[in-house]
Amino acid sequence: MTTPSTRKPGTTPKRGKRSALTGPAALAALAGVVSAAVVLAVAELAGAFFSSRATPLVALGSTFIDFTPPWLKDFAIATFGTNDKAALFVGMGLTILVLACVLGIVAYRKWILGAAGVLLMGAVIVASVVTRAGVSPLDALPSLLGTLAGLLVLRFLIGKLWRLDETQSAPNHGAAAHGDASHGGAAPETRPATTRRAFFTATGITAAAAAAAATGGRLLGAARSNVAAARDALKLPAPAKPAPAVPAGVQSTTPGVTPWLTPNKDFYRIDTALSVPEVDVQSWELRVHGMVEQEVRLTFQDLLDAQLIESHVSLTCVSNPVGGNLAGNAKWLGMPIRDVLKMARPTAGADMVLSTSVDGFTASTPLEVLQDGRDAMLAIGMNGEALPLEHGYPVRMVVPGLYGFVSATKWVVDLEVTRFADNKAYWTERGWSERGPIKTMARVEVPKSFAKVPAGKVALGGTAWAQTRGITKVEVQIDDGPWTAAVLAAEASVVTWRQWSYEWEAAPGPHYIKVRATDGTGELQTDQRADPVPDGASGWQSIMVTVEELTRSGGPRTIDWQHAFEPACDLHR
Ligand SMILES: Nc1nc2c(c(=O)[nH]1)N[C@H]1C(S)=C(S)[C@@H](COP(=O)(O)O)O[C@H]1N2
Ligand SMILES: [Mo]
């Protein structure tokens, strides 16, 4: 057993003939990786006792997201879609793995440098934890404990490796040559095979302990969180003003088109929150302040007691590429924000409401939009249920006609009445626009881009939206043919999307299908291609399909076209 006084020998030990995989550098790297696992596992376990949101991985990832430039966010969403968080975790995992290997090797060569590196990493973790919104200094404790545990384990394992070096050196100038009394040990213990086994045993036991601590931390954290249970038990009040009945025929007649009403579990999710905030309704409070005559504080009970409205509204993300699926349509229940503003009485000169979530995200919404009579609300219900945790439980904003990044704050806790000139929202500070009215958009959903379809009658279909203006026309163009009006499904309201269908007499060969919409003001969707940054993608979607001739037996040659390769984006991107 090494003692705390054991020092790395000043001279580089002689290396035995070993392959790169079992050589000292590889073993040191392994020690580094196991130590990193200890850092994360101990922090996870400690975090289960102190806080749920401040574990190192979550804090590091959140900080990384906050420093993400717009092009990278755009790239991540275009490439990974709503799996962008999983992609981030994989990327972070690989980075930590490499860093841990390097630190292990450095610590083995020169302990003081390796230790300094570990402490530096610990400092970065702690800094990213304490700079999260709504975090107290105590939340740094799990990361601190994790770092210290990792450092001790690294020292312990590296010590075993040094011991191994000494036993591998010539027996008569091995340990004793370094003048370390504790190493002048008994002969049987100094055999290389024994010390190697000791290293691997220690590494294995440590790795198993780390896995157990991490799992224990997870389970404990889940057991201590009763927010999900409270959400499931929440009974929503009936609205004072129910949603108008949805007319028959809102669904496109083309099979395979998105459901007109998006089920909660299928609703796209976009946010900067790596771990879903867990907000307790008992302590939830909304503070309305800033340029107001009367500061207002609302409890969750105040919301339950208010005159609630219910409305179908389609949300859209500004990061949605042309033809993309970052949009959804739901029935929302909530308190009109104009009623809240009436209580607070904004003062002259105010033109914006900056909403803030419990995790520090902010959105800038024009004050006028929140007062002009549209169904902008503090929503507590989604499709007849309490908001799902990922969609903002217990309270979020829903504002018809604006992209989510400037309006749809989830886990909202603060409304500041202010001016665009005085305050910038989260994404505006990162290169996106300060305002975000939704652009008119039509997309093809059936068939999929690059699908193979049998010749003859082919049903096309999809969805179009222009929230607050409505959709009055969708047109389809095949190759260079004329633009032809599609059949529109029924319109529920101007703030919900509208579906379409079109019957195409398809001749064999490759074909391009284009689609475009006209909004309720008579304006045609622009064909000008624009990227999502800074204020939303535009342009007409174009897809390619291959029409296949029928075989001699009369059946289509390819029947599995619905499962054909489905690219993330359309052809022009
Ligand atoms: N707290 C918080 N609210 C947020 C965001 C966020 O990152 N954090 N993202 C916004 C964006 S960009 C969009 S498009 C919508 C998405 O809402 P959804 O996840 O319920 O679909 O939430 C908005 N509200
Ligand atoms: Mo978004």
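Whatever order the structure lists ligands and atoms in, that order sets their numbers, starting from 1.
Here OG of Ser493 is found 10.5 Å from CZ of Arg498. Values are rounded to the nearest 0.5 Å.
Contact record, Arg338 with Arg374: NH1-O, 3.0 Å, taken as the closest heavy-atom pair.
Remark: side-chain polar atoms of Gln541 are not paired, donor with acceptor, to backbone N or O of Val322 under 3.5 angstrom. With hydrogens and angles disregarded, a donor-acceptor distance shorter than 3.5 Å links the side chain of Ser128 to the backbone of Ile125.
Annotation: ring-ring contact (aromatic ring centres under 6.0 Å, His included) contacts involving residues 373-400, sequence neighbours excluded, comprise Phe267-His391.
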task: Might you work through the salt bridge (Lys or Arg N to Asp or Glu O under 4.0 Å) test for Lys85 and Asp271, ending with a clear yes or no?
output: CA-CA 9 Å; Lys85 291 188 175 72; Asp271 53 59; 3.1 Å; yes
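A heavy-atom cutoff of 4.0 Å around ligand 1 is satisfied by the protein residues Phe267, Tyr268, Arg269, Ile270, Asp271, Thr272, Cys317, Ser357, Asp359, Phe361, His391, Arg396, Gly404, Phe405, Ala408, Thr409, Lys410, Trp411.
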